[in-house]
Amino acid sequence: MMSRSLCFLFMSLGVSLGPVAKIAGLHLKPVLSGPRLAYRGSQVQFECKVPDWLSPLTFELWKDTEGLIATEHNINVTFDLQVTEGSEGEYSCRVTNGGLSSNTIPFQTVNPHPPLLYEGQKLVLRCEVRKGTHLSFSWFHNQQQVNPSSGLYRINADTLTVDSAGERHAGIYSCMAENQVTVNPRFSSSPNIQVIVKKHISQLSASLWVWWDGAALQANISCAVASGSPPLLFTLLLDGRQLEQKHVDALSSSFSVPILMGQDLGSARCRAQTDTRTLLSDPVHLHVVPVGGAVHVMLTYLHDVNAMTEAALLKCVPERGTFPQFSWSVNHSSLPAGGDAHAVSDRGQILILTDINSGYYRCCVRDSFNESSVWLESAEVFVQRTDPALPSMEVIALVFCGFLSMVIVGGSIFMFWNIERKNHTCKQHSNQCVQTDRVIVNAPAADVSPEPQTLEMKAVIMEFEA
């Protein structure tokens, strides 16, 4: 009886400890996926994950001849590998802390044919001759002989080198070998070889728009690079998790994700990959809010340097809404999207009046993805010219005459006040004024003889009280 109880106890412990060991990573067996063959100079990816496992783990990538190569931590991880001649071997992955090893992938490398390189990489072509002495070499690019002095190439005996390749270096190359003997010279030409030069991808962007497919709302995430050479591998990521991948022979691709109105699905990103480069876009928030609340119109007048009104700018601002559609009206009549006296911008949200006609303007808003949604209207806004009124010639003449009259009257009053002030001062100091007159009267008469005379000056000092 006791032995049966102990057996049952150990069996219970074994059952209860089984999941714990699995969570600790002891029984987690990951799966490795990736290519088995790739061109040298390219970039490949190996993906390691545990099926049906939803918690982040630390994964290790192993190679049979080198051991541990890289470590990544996530629910499922991707290891990037730059392919060289030494990349050949067998690869596997495992979970850290004693996890089981995954399946192995034998990996081989080959030289690309035709030669493939990216802008900025080095190109070396060699002209091989089976037999012959005293040889000279000539190189041809797109059937034109290469000029070593052009600076685009370096030629050293049987070798042509491009230090930094560009798109202009792509094309058909061949070489010709000729012996330098004077009697019976011989020459031989090589077969043509095509060289492909690709551009690196740059400036990856992600954009979002939504549409109604008749049954549900769909979010469309568009991924595009500004420049580069296809093919490309585009990946859609949602909060770091891989949702979908597409190999395309183009510079853009799009993904569709079902979405519910008002539901926040998180942040989506695009990833673009080539053999040599991986780009990640800025996040796009997957949260669609319907148009609602109050709608307002903001009015701004635009003036020139002379304070003359040149245009009026009206902006329609709904209280909420992720993808609004706008419509404008004046005096209860609909305005077309464009005309001689107005224009719209920013998907119709802004109305610009270049020839202002006074009137009452209003904007309407609804969801752009739902044709049956209700238009929300703003209050009317009155728009009119606000130029400062220019004075007429009669007003200018009247103002000038009034100013001139004020100058004349003011001048007359000042002269009269000045004369009165002098007379009043003399009355207060009559003795001094009389004395001064007498001095002037009793002064000797001026000598009018033709002989030169010495002029004698007498100083007369008059004192006045302040």
Side-chain angles (χ1 to χ4, degrees), residues 205 207-212 217-220 222 259-264 282 284-403 406:
S205 61
S207 59
L208 169 68
W209 60 279
V210 296
W211 56 285
W212 184 264
L217 194 63
Q218 299 287 333
N220 185 283
S222 178
I259 191 171
L260 295 178
M261 187 75 71
Q263 182 181 9
D264 191 348
D282 292 332
V284 175
H285 199 192
L286 294 184
H287 187 201
V288 179
V289 177
V291 171
V295 181
H296 303 280
V297 175
M298 301 173 61
L299 173 62
T300 304
Y301 290 102
L302 306 178
H303 303 88
D304 60 12
V305 294
N306 298 319
M308 300 292 293
T309 303
E310 286 291 329
L313 187 148
L314 294 89
K315 183 176 182 180
C316 188
V317 183
E319 185 175 329
R320 61 180 178 270
T322 308
F323 295 97
Q325 179 183 352
F326 301 93
S327 176
W328 291 90
S329 64
V330 55
N331 298 328
H332 306 288
S333 297
S334 178
L335 273 176
D340 297 335
H342 71 277
V344 294
S345 65
D346 198 10
R347 295 178 300 177
Q349 185 177 12
I350 296 177
L351 173 65
I352 303 174
L353 303 177
T354 55
D355 185 10
I356 301 177
N357 293 319
S358 298
Y360 292 90
Y361 289 80
R362 182 198 304 270
C363 78
C364 302
V365 194
R366 73 175 183 184
D367 292 319
S368 60
F369 50 83
N370 188 359
E371 295 294 333
S372 61
S373 58
V374 178
W375 289 98
L376 301 181
E377 296 184 347
S378 70
E380 290 183 334
V381 175
F382 183 66
V383 179
Q384 63 177 348
R385 279 194 169 273
T386 58
D387 296 338
L390 297 178
S392 61
M393 292 301 297
E394 292 80 1
V395 174
I396 295 176
L398 182 61
V399 171
F400 178 75
C401 292
F403 176 74
M406 291 176 61

Got a donor-acceptor contact below 3.5 angstrom from the Ser368 side chain to the Gln325 backbone?
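No: the side chain of Ser368 does not pair with the backbone of Gln325.
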Quick one: side-chain contact (heavy atoms from CB on, under 4.5 Å) partners of Val291, sequence neighbours excluded?
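Counting only residues at least two positions away or on another chain, Val291 forms a side-chain contact (heavy atoms from CB on, under 4.5 Å) with Pro324, Val365, Asp367, Leu376.
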Those residues that, when tested against Trp212, pass side-chain contact (heavy atoms from CB on, under 4.5 Å) (two or more places apart)
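With sequence neighbours excluded, Trp212 shows a side-chain contact (heavy atoms from CB on, under 4.5 Å) to Leu217, given in chain and number order.
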Roughly how far, to the nearest 0.5 Å, is the CG atom of Leu313 from the CG atom of Leu302?
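Reported to 0.5 Å precision, the distance equals 6.0 Å.
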What's the spacing between Tyr301 OH and Leu314 CG if we round to 0.5 Å?
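Here the interatomic distance stands at 8.0 Å.
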Can you list the residues that meet the salt bridge (charged side-chain N to carboxylate O under 4.0 Å, His left out) rule with Glu380, with sequence neighbours excluded?
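Counting only residues at least two positions away or on another chain, Glu380 forms a salt bridge (charged side-chain N to carboxylate O under 4.0 Å, His left out) with Arg362.
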If you draw a 6.0 Å radius around CE in Met298, do more than 12 non-hydrogen atoms from other residues or ligands fall strictly inside?
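No.
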What do the steps show when you test Leu286 against Leu208 for side chain to side chain contact (heavy atoms under 4.5 Å, CB included), and what is the final call?
CA-CA 8 Å; Leu286 294 184; Leu208 169 68; 3.8 Å; yes
State, yes or no, whether a side-chain contact exists between [X] and [Y] at a heavy-atom distance under 4.5 Å.
X: Ser329; Y: Leu335; answer: no
X: Pro318; Y: Phe326; answer: yes
X: Arg366; Y: Ser373; answer: yes
X: Asp282; Y: Val284; answer: no

Assess whether side chain to side chain contact (heavy atoms under 4.5 Å, CB included) is satisfied between Ile356 and Val383, documenting all intermediate values.
CA-CA 8 Å; Ile356 301 177; Val383 179; 3.9 Å; yes
Go through the structure and list residues passing side chain to side chain donor-acceptor pair (under 3.5 Å) with [X], not counting sequence neighbours.
X: Gln263; answer: none
X: Trp209; answer: Asn220
X: Ser372; answer: Asn370

Going by the rule ring pair (Phe, Tyr, Trp, His ring centres under 6.0 Å), which residues pair with His285 if we only count those two or more places apart in sequence or in a different chain?
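Testing His285 for ring pair (Phe, Tyr, Trp, His ring centres under 6.0 Å), a comparison that skips the adjacent residues, returns His287.
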Qualifying salt bridge (Lys or Arg N to Asp or Glu O under 4.0 Å) pairs, either residue in residues 290-306, two or more places apart:
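As it turns out, there is no salt bridge (Lys or Arg N to Asp or Glu O under 4.0 Å) pair with a partner in residues 290-306 once direct neighbours are skipped.
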Compare every heavy atom of Val297 with every heavy atom of Cys363, then report the nearest pair and how far apart it is.
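Nearest heavy atoms, Cys363 then Val297: SG-CG2, 3.7 Å.
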Pairs satisfying side chain to side chain donor-acceptor pair (under 3.5 Å), at least one member in residues 314-323, at least two apart
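Listed once each, the pairs would be none.
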Could you note down all residue pairs passing ring pair (Phe, Tyr, Trp, His ring centres under 6.0 Å) where residues 337-371 supplies at least one of them, sequence neighbours left out?
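Qualifying pairs, neighbours excluded: Tyr360-Phe382.
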Would you tabulate the side-chain donor-acceptor contacts of residues 343-355 under 3.5 Å, counting partners in other chains and residues two or more places apart, or write 'none'?
from: Gln349; atom 1: NE2; to: Cys316; atom 2: O; distance (Å): 2.9
from: Thr354; atom 1: OG1; to: Ala341; atom 2: O; distance (Å): 3.1

